[in-house]
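Scroll down for the structure; my scribbles are underneath it.
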Amino acid sequence: MTLSSVIWRCIIVLLTFSINYFPLLHVGCQRAITSGYLTAEPAPLFLMGSNLTVYCHTDKCDRSSKISMKLNGKPVDKWERINCTTVKFHLPSIWIPLSAAICWQTSDYMTKLVDGLDLLAGLPPDKPDTITCETARSSSLINCSWTRGQETYLPTLYNISVNRENGSQIRLFQIQGADKITIPRRMLDENTTYLIIITASNHFGTSQSDPVVLRVKDIVIPESPIIMKIEFQSNSVAAILQWKSNESSVHLRPHVKLRTNNTSWEMRAGVELSKNLIRTDNLTHLTEYEFQMKICNTAPELTRTNASSITARKALLCSKWSPSMRKTSPGKGPSQQLQVWRKVERQGTDGQRNVTVLWKPLPPEDFSGKVIEYDIFLDNGQKLKTCAAEYFQCAVQLPAEVSSLSISAVTTYGKSPPADVILKQSGIAILPTADDSAVFVSWSWTTGNYPLKQEEELQYYVMEWTNVPGKGLWWQKLPKDLNSTSITGTLTTEPLGNLSVHIRTSNASSDFFF
Ligand SMILES: *[C@@H]1O[C@H](CO)[C@@H](O)[C@H](O)[C@H]1NC(C)=O
Ligand SMILES: *[C@@H]1O[C@H](CO)[C@@H](O)[C@H](O)[C@H]1NC(C)=O
Ligand SMILES: *[C@@H]1O[C@H](CO)[C@@H](O)[C@H](O)[C@H]1NC(C)=O
Ligand SMILES: *[C@@H]1O[C@H](CO)[C@@H](O)[C@H](O)[C@H]1NC(C)=O
Ligand SMILES: *[C@@H]1O[C@H](CO)[C@@H](O)[C@H](O)[C@H]1NC(C)=O
Ligand SMILES: *[C@@H]1O[C@H](CO)[C@@H](O)[C@H](O)[C@H]1NC(C)=O
Ligand SMILES: *[C@@H]1O[C@H](CO)[C@@H](O)[C@H](O)[C@H]1NC(C)=O
Ligand SMILES: *[C@@H]1O[C@H](CO)[C@@H](O)[C@H](O)[C@H]1NC(C)=O
Ligand SMILES: *[C@@H]1O[C@H](CO)[C@@H](O)[C@H](O)[C@H]1NC(C)=O
Ligand SMILES: *[C@@H]1O[C@H](CO)[C@@H](O)[C@H](O)[C@H]1NC(C)=O
Ligand SMILES: *[C@@H]1O[C@H](CO)[C@@H](O)[C@H](O)[C@H]1NC(C)=O
Ligand SMILES: *[C@@H]1O[C@H](CO)[C@@H](O)[C@H](O)[C@H]1NC(C)=O
């Protein structure tokens, strides 16, 4: 391999590197091909945000050549020629932690690499803060953690000093760039108060934490609980978690977190039903949940030490999260009653009468799954008939003395509350009038019937519209405060049939037309 091919290969590597900001130090070939060197003021390791001056020195004096620099791939336009071998480049306010400066010498016939230099920016460490230590009952280690504050971009050393109360050091731990450390527990006496001081240091400075009081017996976290059982309350979206723990303290508060589909955990404020039973509300139907629990204890206040400025730790001591338990919530059963109406035929000679029970489909948002069937019950709770899910009416034959029925929709996840079908007829006539187009209908009570007797309460009106005989019956429930309505939808496309308006009171329904 010729020298020039080495140079060109390295230049390609360097070009790639200057695009990707890859540290120059890792490019193995740069020494072999340089034709000069770079120096930086104040230094190649500098305080972030500083103004830097970089000198490009070439080995040979060549007045005809041009010396240029690129910083992270971008040309540097502020420069000064010092003499025939040296050019001074100004790099203002560098906030990038790792930059690469590359110097080139261009003459008429070729461009040569002079050299490259890594520029490292960093910051002094912040004061280590929120120092917490904890250990488990049976653990031989104490885990301490702290917050480091702002990123320093530089190797930062943490000295963790464990001191006696009088300030004399027992042990010093050192760790690079970390925010936690484990301390052997046997090193410390369980009942003695110690002071922990953490000192952070790097090229740009040193920062010391406030001393923190540590007494091993005060930092023992509770053992994790175990979730024994999850039960979903029937038809409500709440789960009851039964849990157990080896901890005997009465001051333990359970906490629950949950997630679905391995998404992020969500903390839930549970309702404590009793010891070892907690309820979580506001769940969704038909969803697989993953639950975890922990228990927390309020740490006893630590004894104050002689050293002023030291405040006792009052943080919560929480156990680790329990193992997960998964369970899928059940579907929702209907909460609403069916809207019902009925058509009572005249009594036959056999003392029976034919009744058609009519209902509206349940709103789909009120239940999950599907409707399996509709069940009609007698007053005494005995099932009279099962009607198919596809229909919204059902005919039954009844002795004349039966005065009411009830009907429930049976769905995949439960029954709707029974809706009363009142068969008793009140005999009160409501007189409807339709306008010419039969779109607007109003009605009035026959004289003498209004207001109703005290024991009867108007609940709602039902407007019926029979089309061509045999083509079925349309009906619609209307609020009791109306005395007119506009007919919309399907009804208007059908020819006008018999129109009637009925009242439903607390114990009877009027049937004028039957
Ligand atoms: C950096 O240089 C600019 C002018 O180029 C000056 O305004 C600024 O104060 C300098 N910053 C420092 C930290 O010296
Ligand atoms: C050019 O200037 C630099 C820096 O001032 C100096 O070190 C170097 O000796 C000078 N070179 C010549 C040839 O004058
Ligand atoms: C302490 O840290 C170790 C290792 O990181 C871990 O295994 C252990 O569970 C931790 N103990 C506590 C009480 O946090
Ligand atoms: C950290 O500990 C080392 C080893 O004892 C010591 O040399 C160094 O000065 C300490 N650093 C600080 C900032 O205290
Ligand atoms: C602190 O106490 C320990 C033991 O109680 C003792 O050995 C040490 O000399 C004391 N140091 C100071 C500075 O008082
Ligand atoms: C710590 O103190 C308790 C009483 O406060 C005592 O029962 C126990 O033996 C002491 N433990 C040690 C290791 O000194
Ligand atoms: C309770 O302690 C026993 C023995 O120490 C252990 O086997 C068991 O797993 C613990 N149970 C819980 C819920 O922590
Ligand atoms: C969970 O995942 C299933 C399929 O893996 C998906 O159908 C469903 O929408 C997801 N639910 C959520 C809340 O992301
Ligand atoms: C969630 O993650 C666990 C383990 O990683 C996996 O067994 C399970 O199938 C995942 N569940 C979903 C819904 O992605
Ligand atoms: C359930 O969630 C809704 C909104 O998502 C919220 O307004 C309501 O307070 C929650 N109820 C409970 C008992 O957490
Ligand atoms: C009731 O309906 C059945 C069959 O639909 C019919 O045979 C019977 O005559 C009807 N009874 C009366 C009283 O209308
Ligand atoms: C309907 O009620 C309104 C007031 O609520 C009344 O003015 C109007 O006369 C009533 N119409 C009929 C037909 O009863």
Side-chain angles (χ1 to χ4, degrees), residues 35-42 52-67 69 79-90 103 105 114-115 117 130-147 158 160-173 175-197 211 213-226 245-247 252 255 292-297 299 303 305-307 310 313 315-323:
S35 60
Y37 63 98
L38 300 184
T39 56
E41 274 175 15
L52 232 57
T53 308
V54 177
Y55 295 88
C56 181
H57 309 269
T58 54
D59 294 338
K60 289 199 194 93
C61 176
D62 178 359
R63 286 182 196 285
S64 67
S65 70
K66 183 177 180 292
I67 293 171
M69 181 175 287
W79 54 273
E80 243 174 274
R81 188 126 199 172
I82 307 286
N83 55 33
C84 81
T85 59
T86 307
V87 175
K88 177 177 172 183
F89 292 89
H90 296 280
C103 188
Q105 188 174 23
V114 179
D115 200 5
L117 185 65
T130 54
I131 301 168
T132 50
C133 295
E134 60 183 37
T135 185
R137 203 188 312 167
S138 54
S139 172
S140 61
L141 296 173
I142 294 171
N143 294 2
C144 291
S145 65
W146 57 92
T147 52
Y158 290 84
I160 296 97
S161 173
V162 182
N163 303 335
R164 285 206 179 77
E165 248 188 301
N166 68 11
S168 66
Q169 191 176 73
I170 296 171
R171 203 53 201 271
L172 181 71
F173 299 91
I175 191 156
Q176 182 92 7
D179 58 5
K180 53 176 167 279
I181 192 171
T182 54
I183 297 174
R185 182 164 168 178
R186 68 188 136 69
M187 213 189 84
L188 304 178
D189 179 85
E190 300 280 310
N191 287 344
T192 307
T193 302
Y194 299 94
L195 293 182
I196 299 222
I197 297 171
V213 175
L214 171 70
R215 193 165 63 173
V216 177
K217 73 170 191 183
D218 294 332
I219 58 162
V220 180
I221 62 169
E223 297 285 337
S224 298
I226 290 175
S245 146
N246 279 352
E247 298 289 338
L252 290 168
H255 295 258
Q292 287 190 358
M293 281 189 70
K294 68 175 179 183
I295 46 178
C296 294
N297 202 346
T303 40
T305 63
N306 303 333
I310 295 172
R313 195 178 106 141
L316 278 181
L317 284 175
C318 292
S319 71
K320 304 268 181 223
W321 287 102
S322 69

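Order of appearance sets the numbers: ligands from 1, and atoms from 1 within every ligand. Side chains are part of it too, since the values below use all heavy atoms of this structure and drop only hydrogens, waters and symmetry mates.
Where the criterion is an N or O separation shorter than 3.5 Å, residue side chain and backbone included, Arg164 fails it with respect to ligand 5. Between Lys320 and ligand 3, an N or O atom pair is found at a separation short of 3.5 Å. Any N or O atom pair closer than 3.5 Å counts here, and His57 shares no such pair with ligand 2.
The protein does not reach atom 7 (O) of ligand 5 closely, with no heavy atom under 4.0 angstrom from it. Counting only heavy atoms, the protein gets under 4.0 Å from atom 14 (O) of ligand 5.
In the model, Thr132 has a side-chain atom that pairs as donor or acceptor with a side-chain atom of Ser145 under 3.5 Å.
Atoms of ligand 3 lying under 4.0 Å from any heavy atom of Thr135, numbered from 1 in the order shown and given with element: 13 (C). Set against the non-hydrogen atoms of Asn83, the atoms of ligand 2 under 4.0 Å away are 1 (C), 2 (O), 3 (C), 8 (C), 10 (C), 11 (N), 12 (C), 14 (O). Per-residue contacts place Ala136 under 4.0 angstrom from the following atoms of ligand 3 (heavy atoms of the residue considered): 13 (C).
A salt bridge (charged side-chain N to carboxylate O under 4.0 Å, His left out) with Glu190 holds for exactly one of Arg185, Arg137, Lys217, Arg215; it is Arg185.
When the options Thr58, Ile82, Val87 are ranked by their closest heavy atom to atom 4 (C) of ligand 2, first place goes to Ile82.
At a 4.0 Å cut-off, not a single heavy atom of Leu141 sits close enough to ligand 3 to count as contact.
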